[in-house]
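Okay, so here's the structure we're looking at.
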2 protein chains.
Amino acid sequence: MTMTNDLMTIRQMCDAFDVTPRTLRFYEAKELLFPQRDGTRRLFTRSDRARLKLILRGKRFGFSLEDIRQILDLYDRDGSNHAQTLRTYDLARQRLAQMEAQRAELDEAITELKAELDAGEAMIAGLRRAAE
Amino acid sequence: MTMTNDLMTIRQMCDAFDVTPRTLRFYEAKELLFPQRDGTRRLFTRSDRARLKLILRGKRFGFSLEDIRQILDLYDRDGSNHAQTLRTYDLARQRLAQMEAQRAELDEAITELKAELDAGEAMIAGLRRAAE
DNA sequence: CGTTACATTTACGTTAACGTCAAGCACTCT
DNA sequence: AGAGTGCTTGACGTTAACGTAAATGTAACG
């Protein structure tokens, strides 16, 4: 357990991760990050950086912050609990299913919209009818 | 010509299109629909139904109500104006580009998430690191 | 000591598309 | 007349993930 003492200020974090100070404070308020304090100032640890990486990755996957917080909490409490590991997988699989459903809908909409554009008439005709 | 009794109450509309009364009133407030009145009550015309169809279709395409209102307005004003027709196509093409970009991102996220699940270790390892 | 440069907390603002009351009219049936 | 049903108009509430502004602090520089 190398206790590397690499603490970063809020600005260094912002530059490193391309987020705003508001975002980091918001994540702390939501209990996703737990920076240390130097008097009044925040100092972000290696752990905070690891968590932030996962937060940002989770967002790319489309997880809500609340989802992410729950997942992080599970492992904070007990990193070796198998049931909780399964719970995380479950969340991930659920989310994956959502994403694939979303992609299917998107594909359908794209196909439909392309067809309208190619037909070049249907949409216009529809609109004329709508205008009476 | 069959002068079909084509006026519908708000409830008939809701049943026919699977929307709530609130939604129809909201669309009227946003000037997307213009139902007639029988005293105080709304009566939706054939035109309203055609417009509503297009609104719902537009939503499936991911257009905002404001986008849809603008498109509908163009054709209300002058259905034969070629410049406005082109403007509509332009909006549609822009939206199509957005949707394809969105699909690309989604594909990437799905691939990434699947990889994590398949690896079965990376995510857990990452979370352990985050928990310190 | 004054200014500059960051930092902090507090708290209201933003956006879309409705949801959810509350209070009351209009009509019909009994 | 009273009850029931359906419709109406307000008008505030909801959700996520921050943005933005105000008032204040504090630390180093010159």
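Letters A, B, ... are given to chains in the order of the sequence lines, protein chains preceding strands, and every chain is numbered from 1. Computed from a prediction, not measured in an experiment: that's the story for all the values here. Atom set for the values below is all heavy atoms of this structure, side chains included, hydrogens, waters and symmetry mates excluded.
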Whole angstroms only, please: what is the [atom1]-[atom2] distance between [X] and [N]?
X	N	atom1	atom2	answer
B/Asp15	D/dG6	CG	P	11 Å
B/Asp38	C/dA26	CG	C1'	10 Å
A/Arg37	D/dG25	CZ	C1'	13 Å
A/Arg25	C/dT8	CZ	P	5 Å
A/Glu28	C/dT10	CD	P	12 Å
B/Phe26	D/dT9	CZ	P	15 Å
B/Met8	D/dC7	CE	C1'	16 Å
A/Lys59	D/dA17	NZ	P	6 Å

Should [X] be listed as having a side-chain N or O under 4.0 Å from OP1 or OP2 of [N]?
X	N	answer
B/Arg11	D/dC7	yes
B/Thr20	C/dG19	yes
B/Tyr27	C/dA17	no
A/Arg42	C/dT9	yes

### Task
May I ask you to verify whether the side chain of B/Arg22 and the base of C/dT20 hold a donor-acceptor pair under 3.5 Å?
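Such a pair exists between side chain and base.
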#### Entry: Pair A/Arg49 + A/Asp6, salt bridge at N-O below 4.0 Å
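A/Asp6 and A/Arg49: salt-bridged.
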### Task
Please indicate whether A/Glu108 has more than 12 foreign heavy atoms, meaning atoms of other residues, nucleotides or ligands, lying under 6.0 Å from its CD.
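It does not: A/Glu108 CD has 12 such atoms or fewer within range.
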### Query
Should B/Ile10 and B/Arg25 be marked as a side-chain contact (heavy atoms from CB on, under 4.5 Å) after you check the CA-CA gap, both sets of side-chain angles, and the distance that decides it?
CA-CA 9 Å; B/Ile10 201 167; B/Arg25 295 189 190 112; 3.9 Å; yes
### Message
Quick one, A/Leu106 with A/Ile110, criterion side-chain contact (heavy atoms from CB on, under 4.5 Å). Give me CA distance, side-chain angles, the key distance, then yes/no.
### Response
CA-CA 6 Å; A/Leu106 197 51; A/Ile110 285 173; 4.2 Å; yes
### Query
Taking for each residue the nucleotide of DNA chain C bearing the nearest heavy atom, is the 5' side occupied by A/Gln12 or by B/Thr23?
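Upstream on the strand: A/Gln12.
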### Spatial distance of atom CD1 (A/Ile55) from atom CG (A/Leu33) [nearest 0.5 Å]
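If I round to the nearest 0.5 Å, the distance is 4.0 Å.
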